Amino acid sequence: METLFSPVILFFVLGALAAFARSDLVFPEALSKALSIYLMCAIGLKGGVLVAGNGATVDLLLAAAAGLTLSMTIPLIGFFLLRGVGRLDPVNAAAVAAHYGSVSVVTFIAGDQLLSDAGLPPAGYMVAVLALMETPAIIVGLFLARRFGGADMATAGGSLWRETLLNGSVVLLVGSFVIGMIIGKPGFEPLTPVFETGFTGLLCLFLLDMGLLAARRLRNTRSLTVRLVAFAIIFPLLNGTLGVMIGGLLGLDVGTSTALGILGASASYIAVPAAMRLALPKADAGLYLTMSLAITFPFNITVGIPVYTAIAKWSV
Amino acid sequence: MVTTHPRKKIEILVDAPLLSRIQQLAKDAEVKGYTLQRTIGGEGGQGRWRAEEVTGGAGSKVVFATIVDEDTADRFLSDLEPLLSEYGLLVTVSPVEVIRGERF
C-alpha cells in the first residue's frame with residue numbers, strides 16, 4: 001500500500017488525473033525527451049557502477065539467460081492469445097506481441113526506485129538484462145508477422161536493423177552501463193549530485209508527463225476492445241508472476257526476482273513502436289501504443305509492481 | 001518584372017518512423033531537395049494524435065515538403081501511390097511559382 005503513496009506514483013496519478021480532467025497542463029516535448037535521456041543515463045551508470053563493484057557473477061549470467069528466454073517466449077504466447085482471445089489479425093497480433101516481449105525502461109526505473117525505497121534494491125546487473133531484453137521480441141514479432149501474416153519486410157531493409165539494434169534507448173543504456181563499469185564507484189562520486197541526488201525528483205517530473213501521455217492516449221483511442229483491455233492487464237500479470245518465479249528458482253534475491261518479473265510484465269512503448277511502424281506499416285499503431293502505454297504501463301506502475309513484489313516476498 | 005517558373009509543390013504528412021522511406025523514394029525519383037517540418041498534433045480517421053518524442057516518435061508525424069518540376073512530380077507521386085493507404089500518408093500537390101527555376 002505504501003508504494004501507492006510514493007511520490008513517484010503520486011505524480012503519475014496527478015498527470016493522469018490532469019489529462020482526464022482536460023487540464024491544459026502540457027510538458028514541453030524537448031523537456032520530456034531530455035528527462036528520458038537523463039533517466040536512461042542515470043540507471044545505466046548506476047547499474048554499471050554496481051557491477052564494477054561486484055564483478056560479473058553467475059547470477060548475472062543466469063538472469064541474462066532468463067531475460068532473453070522470457071523476451072523470446074512471451075511474444076510467442078502473446079501472439080496466439082491475441083489471435084484466439086483478442087481476435088486480432090496476424091499482423092496486428094504479431095506487432096502487439098512484440099511490444100509485450102520487449103520491456104519498458106520507465107517501468108523498470110520506477111520499479112527499481114520503489115524496490116530500493118522498500119529496502120529491496122535489485123542487483124545492478126539487471127540494467128544489462130533490461131538492455132538485452134529490448135530487441136529480441138522485435139525479431140520474434142517480425143518472424144510471426146511473416147510466417148502467419150505474409151508480411152513483407154524486405155523494403156524496411158537496413159533502416160529497420162539500424163532502428164532495432166542501434167535504437168537510442170539501447171545505445172544510451174548500454175553505453176552508460178559500460179561507462180559506469182569503467183569508472184566504478186570512485187569515478188561516479190563526482191557525478192552523484194546530478195545522477196543520484198536529483199534522480200527521484202526528476203523521475204517524479206517524468207512520471208507526471210507519462211501520466212499525461214498515457215491518459216490522453218486512452219481518452220483519444222478508438223481501436224480498443226474489452227478483450228484487448230483484458231489482455232493488456234492479465235497478460236502482464238502472468239508474465240510478471242512467471243518472471244518472479246524464474247528469478248526465485250535461479251536463486252536470485254527478492255528485489256532482483258521482482259525486477260525480472262517487472263521486466264517480463266512490462267511492454268515497450270519506445271523501441272518497439274518505432275520499429276513496428278517501420279517494418280509492419282499495416283499494423284495499427286494506435287492499437288499497440290495504446291495497449292502498452294495507456295493500459296499496461298499504468299497498470300504495472302500502480303498495481304503490478306506491488307503485486308510482483310508481494311509474490312517475490314512470498315515465494316523467494 | 002521578375003520572371004517566374006511554374007512548379008509543383010508536394011507536401012506529405014508521414015509518421016516519423018516512415019520518413020526514411022519517403023526520403024529514399026524522393027532520392028530514387030531524383031528530387032533535388034526537400035524541407036522537413038515538425039507537427040504538434042491533429043485529428044483524423046484514426047482519432048486525435050499528438051507529437052510524442054518519448055514514444056520513439058512512433059506517434060509523431062512530420063511534413064515532408066518539396067518543390068519539383070512536372071516530370072519529377074509525376075515520378076515521385078507514382079512511386080508514392082502504392083504506399084498511400086498502408087503508410088497512412090496525406091499527400092497534397094499544389095501549383096506554385098518559383099523565381100530561380102533551375103533550382104527545382
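Only a predicted model underlies this, so the values are computations on that prediction, with no experimental measurement involved. In the text below, chain A, chain B and the rest are named by the order of the sequence lines, each starting its count at 1.
Within residues 200-208 of chain A, the residues approaching chain B closer than 4.5 Å by heavy atoms are, in numerical order, A/Phe206.
Using a distance-only test at 3.5 Å, with no hydrogens or angles considered, a donor-acceptor pair links the side chain of A/Asp89 to the main chain of A/Asn92.
Neither side chain, A/Asn300 nor A/Thr107, offers a donor N or O lying under 3.5 Å from an acceptor on the other.
Put simply, the residue from A/Leu173, A/Ile270, A/Val174 that forms a side chain to side chain contact (heavy atoms under 4.5 Å, CB included) with A/Glu134 is A/Leu173.
Within 6.0 Å of CD on B/Glu81 lie no more than 12 heavy atoms contributed by other residues, nucleotides or ligands.
Take B/Asp28 and apply the side-chain hydrogen bond (donor to acceptor under 3.5 Å, both in side chains) test, not counting sequence neighbours, and it matches B/Gln24.
Proximity to chain B is limited to the side chain of A/Met210, based on heavy atoms less than 4.5 angstrom apart.
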**Study point:** From CA spacing to verdict: side-chain contact (heavy atoms from CB on, under 4.5 Å), A/Arg227, A/Arg87
**Key:** CA-CA 8 Å; A/Arg227 285 166 180 269; A/Arg87 296 178 182 170; 2.8 Å; yes
